[in-house]
Amino acid sequence: ETSQETLSFQAEVSRLLDIVANALYSNREIFLRELVSNASDACDKLRYAALTEPQLLENDPELRIELSVDKDKGQLIISDNGIGMNREDLVESLGTIAKSGTSAFLDKLGDKRGEVDLIGQFGVGFYSAFMVAQHVSLETRRAGEETGWYWESTGHGSFTIAESDSAPARGTRITLTMKEDAQEFLEAANIRRIVKTYSDHIAFPVELKGEGDEENERLNSAGALWMRPKSEISDEQYKEFYKHVAHALDDPWTWLHFRVEGKLEYTGLLFIPSQRPYDLFDPQRKNSVRLYVKRVFITDDCETLLPSYLRFLRGIIDSEDLPLNISRELLQHNPMIAHLKSAIVKRVLGELERKAEKEPEDYVTFWESFGPVLKEGLYEDRDQSEQLLKLARFRSTRREGWVSLDEYIAGMKPGQNEIYFMTGEDPEVLRKSPQLEGFYDKDVEVLLMCDPIDEFWVPAVGSYQEKEFKSVTRAGADLDNIESESKDESQDTEAESEDSDVEALVTFLKENLSDKVKDVRASKRLTSSPVCLSADSGDLDLHLARMLKQHGQ
Ligand code: ADP
Ligand code: MG
């Protein structure tokens with residue numbers, strides 16, 4: 001028999017717990033949402049496992065979550081008969097934090113303990129129990145396994161694990177010994193209200209244990225929220241559901257709730273977050289729209305369900321047609337998944353287009369969070385590039401805010417046939433670039449592209465509405481055909497007489513710089529700076545060349 005073991009929390013968890021336990025967070029009651037949400041996930045996981053191993057559900061087929069209170073001991077107990085945890089699960093899940101971006105988040109938080117908003121954005125899941133509890137213990141048994149386990153901690157540096165004989169037959173029982181100032185969470189009225197507020201949409205029954213021989217009281221509506229008619233779901237309910245499925249704490253920017261009948265039948269409830277998740281650009285990051293089949297959770301890791309440029313989407317797709325007991329691997333390649341994917345893309349892009357048109361200011365807040373991701377679609381999904389270009393917004397030399405390509409084209413000068421752009425790191429720096437002088441002079445708008453991705457999609461896409469994209473740092477981006485605002489005849493004659501001088505200078509520079517530059521040309525792009533660097537039509541763009549050089553390529 002193994003005795004008890006004390007293990008240290010991963011350093012990041014310790015730091016996190018320290019912040020969580022001391023946060024002056026007015027919204028502490030969300031700890032219950034987090035624990036109920038985990039219990040619900042555990043029930044989902046068991047139901048999925050039971051598709052192939054039905055014996056796991058035997059003896060206790062009704063999945064549910066039970067809350068009970070022991071006032072004398074000052075304890076709140078949360079039990080579920082879901083998947084449970086074995087020793088490995090415990091150490092892995094409740095001793096470390098898998099979330100990418102944790103370090104970055106903690107550094108950002110620094111010693112600004114008061115900035116609870118950031119905690120809200122990050123979401124601390126299970127660890128939020130330490131906002132209200134001075135001691136947390138749990139007993140758990142993984143479905144289908146013999147040994148039960150005990151875990152406990154006060155949230156200071158370490159936790160203890162031991163085998164347990166009194167663990168539930170299956171699932172997890174968490175006991176919170178509440179802090180002095182958190183006794184209010186032992187009141188039935190408060191528990192009722194909190195569950196109704198945050199967890200009403202949970203698909204399994206959440207019950208409050210009756211006292212003595214009283215019956216348990218059901219606290220939530222229990223039932224898949226997405227199956228209810230839209231008219232019966234309040235905005236608040238949609239928002240709470242989003243927080244549960246997305247494991248997020250912001251409010252969604254918007255959502256799409258739809259049911260499709262016909263050849264393929266499915267229901268979707270998809271959310272676009274308002275805030276960028278910390279790991280949006282983490283290469284390990286996966287799509288996290290959950291796939292259900294007839295209300296049974298299948299996976300939140302179906303890579304082929306969404307294109308990666310829509311990876312900011314959250315929510316669920318529930319199919320009536322997919323086979324229930326298909327392995328997750330086979331599922332990825334099912335043609336129905338491909339069909340769902342293209343339907344989702346169409347719907348989401350359509351909704352974005354509608355938003356861009358109807359609520360342009362609100363749309364820009366979306367673009368600022370997720371535009372750089374959406375632009376990845378420009379070279380990943382050539383079928384959608386026209387529509388994606390329509391949705392794209394840019395900084396430019398001529399405007400304060402954002403400009404669409406349609407607006408850009410509407411503002412083109414007589415004689416202008418190309419969409420001029422310049423890439424770099426910072427629009428403010430680009431604005432001052434000598435390469436732009438000629439463009440300013442003729443009042444020709446130049447798009448300022450500052451996302452790394454811009455280097456890649458522009459050459460792939462080439463043009464929009466038959467107007468070619470043209471980098472201003474390339475030779476040949478000449479402005480001769482565009483009428484100048486202040487065209488002055490006398491300048492032209494003067495220029496002619498200077499031509500021979502210029503030729504002599506060009507020859508001189510070519511001879512002296514032959515090992516450093518490919519060519520020297522006289523240009524009409526510059527009006528006040530004497531020279532600028534430019535890239536040849538077939539060569540790498542200047543900013544890209546610099547970027548690659550920085551990465552040692
Ligand atoms: P998240 O839910 O976002 O994964 P949490 O911090 O809320 O993060 O939970 C961490 C992990 O602990 C879960 O992913 C799960 O593996 C495990 N866990 C927590 N509560 C339970 C539970 N009641 N039953 C089974 N596993 C659980
Ligand atoms: Mg959780």
Side-chain angles (χ1 to χ4, degrees), residues 9-10 12-14 16-17 19-20 30-50 56 60 63-67 76-102 105 119-131 133 136-145 148-153 155 159 161 164 167-176 198-199 201-202 204 206 240-250 273 277-279 284-286 288 290 297 299-301 314:
F9 283 118
Q10 182 193 27
E12 289 175 345
V13 174
S14 272
L16 194 66
L17 281 175
I19 291 166
V20 167
I30 58 111
F31 81 93
L32 192 54
R33 162 179 76 192
E34 295 303 316
L35 298 181
V36 169
S37 171
N38 286 347
S40 162
D41 289 345
C43 292
D44 268 336
K45 286 178 195 163
L46 177 63
R47 200 161 54 173
Y48 175 74
L56 293 180
D60 188 11
L63 294 168
R64 57 196 192 86
I65 299 155
E66 186 184 84
L67 310 178
L76 175 65
I77 298 135
I78 298 122
S79 317
D80 67 72
N81 55 356
I83 191 84
M85 286 177 271
N86 57 24
R87 187 184 178 283
E88 244 182 299
D89 297 330
L90 279 174
V91 175
E92 182 62 26
S93 309
L94 307 185
T96 63
I97 184 156
K99 230 170 165 165
S100 56
T102 306
F105 163 75
I119 296 177
Q121 280 174 37
F122 191 66
V124 290
F126 172 80
Y127 301 114
S128 63
F130 290 97
M131 292 196 294
V136 176
S137 70
L138 59 88
E139 290 174 288
T140 180
R141 194 185 317 264
R142 177 128 188 151
E145 295 186 14
W149 293 93
Y150 177 79
W151 181 102
E152 73 170 341
S153 179
F159 59 93
I161 289 189
S164 158
R170 185 190 74 213
T172 304
R173 178 165 60 231
I174 304 181
T175 303
L176 308 181
Y198 301 105
S199 312
H201 58 78
I202 293 290
F204 304 95
V206 180
E240 282 312 325
F241 182 72
Y242 161 75
K243 289 174 192 182
H244 168 63
V245 284
H247 295 229
L249 288 151
D250 59 335
Y278 277 82
D279 57 353
Q284 302 297 308
R285 230 199 78 94
K286 298 188 177 129
S288 32
R290 296 191 192 194
F297 170 74
T299 178
D300 56 4
D301 185 18
R314 296 291 183 273

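Since the model is a prediction, treat every value here as computed from it, not as a measurement. Every number for a ligand or one of its atoms is a count from 1 in the order of the listing. Values below: all heavy atoms of this structure, side chains included; hydrogens, waters and symmetry mates excluded.
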From [X] [atom1] over to [Y] [atom2], what is the distance, rounded to the nearest 0.5 angstrom?
X	Y	atom1	atom2	value
Trp149	Glu88	CH2	CD	10.5 Å
Ile83	Leu56	CD1	CG	6.5 Å
Trp151	Thr175	CH2	OG1	11.5 Å

For [atom], what's the nearest protein heavy-atom neighbour? Residue, atom name and distance, please.
atom	value
atom 16 (O) of ligand 1	Ser93 OG, 3.4 Å
atom 2 (O) of ligand 1	Asn38 OD1, 2.9 Å
atom 21 (C) of ligand 1	Met85 CE, 3.8 Å
atom 1 (P) of ligand 1	His247 ND1, 3.5 Å
atom 24 (N) of ligand 1	Ala42 CB, 3.3 Å

Of all heavy-atom pairs between Leu35 and Phe126, which one has the smallest distance, and what is that distance?
CD2-CD1, 4.0 Å

Check: Asn81 and Pro168 side chains under 4.5 Å, non-hydrogen atoms:
no

Evaluate the side-chain proximity of Leu32 to Tyr198: yes if any heavy-atom separation is below 4.5 Å, no if none is.
no

Taking Ser128 for its side chain and Gly125 for its backbone only, find out whether a donor-acceptor pair lies under 3.5 Å.
yes

Answer yes or no for Arg314 and Tyr242: cation-pi contact, defined as NZ/CZ to six-membered ring centre under 6.0 Å and angle to ring axis within 45°.
no

Atom indices of ligand 1, in the order listed, that fall short of 4.0 Å to a heavy atom of Leu94:
12 (O)

Do Tyr127 and ligand 1 have an N or O pair less than 3.5 Å apart?
no

Answer yes or no: does an N/O atom from Phe126 fall short of 3.5 Å to an N/O atom of ligand 1?
yes

Nearest protein heavy atom under 4.0 Å from atom 8 (O) of ligand 1, yes or no
no

Closer than 4.0 Å: a protein non-hydrogen atom to atom 13 (C) of ligand 1:
no

Does ligand 1 have a heavy atom under 4.0 Å from the side chain of Asp80, from its backbone, from both, or from neither?
side chain

Distance check below 2.8 Å: does Ser37 bring an N, O or S atom to the Mg ion (ligand 2)?
no

For ligand 1, is Glu34 a contact, meaning one of its heavy atoms is under 4.0 Å away?
no

Using non-hydrogen atoms of the residue, decide whether Lys45 is closer than 4.0 angstrom to ligand 1.
yes

Using 30° and 60° as the class boundaries, would you call the ring planes of His247 and His244 parallel, tilted or perpendicular?
parallel

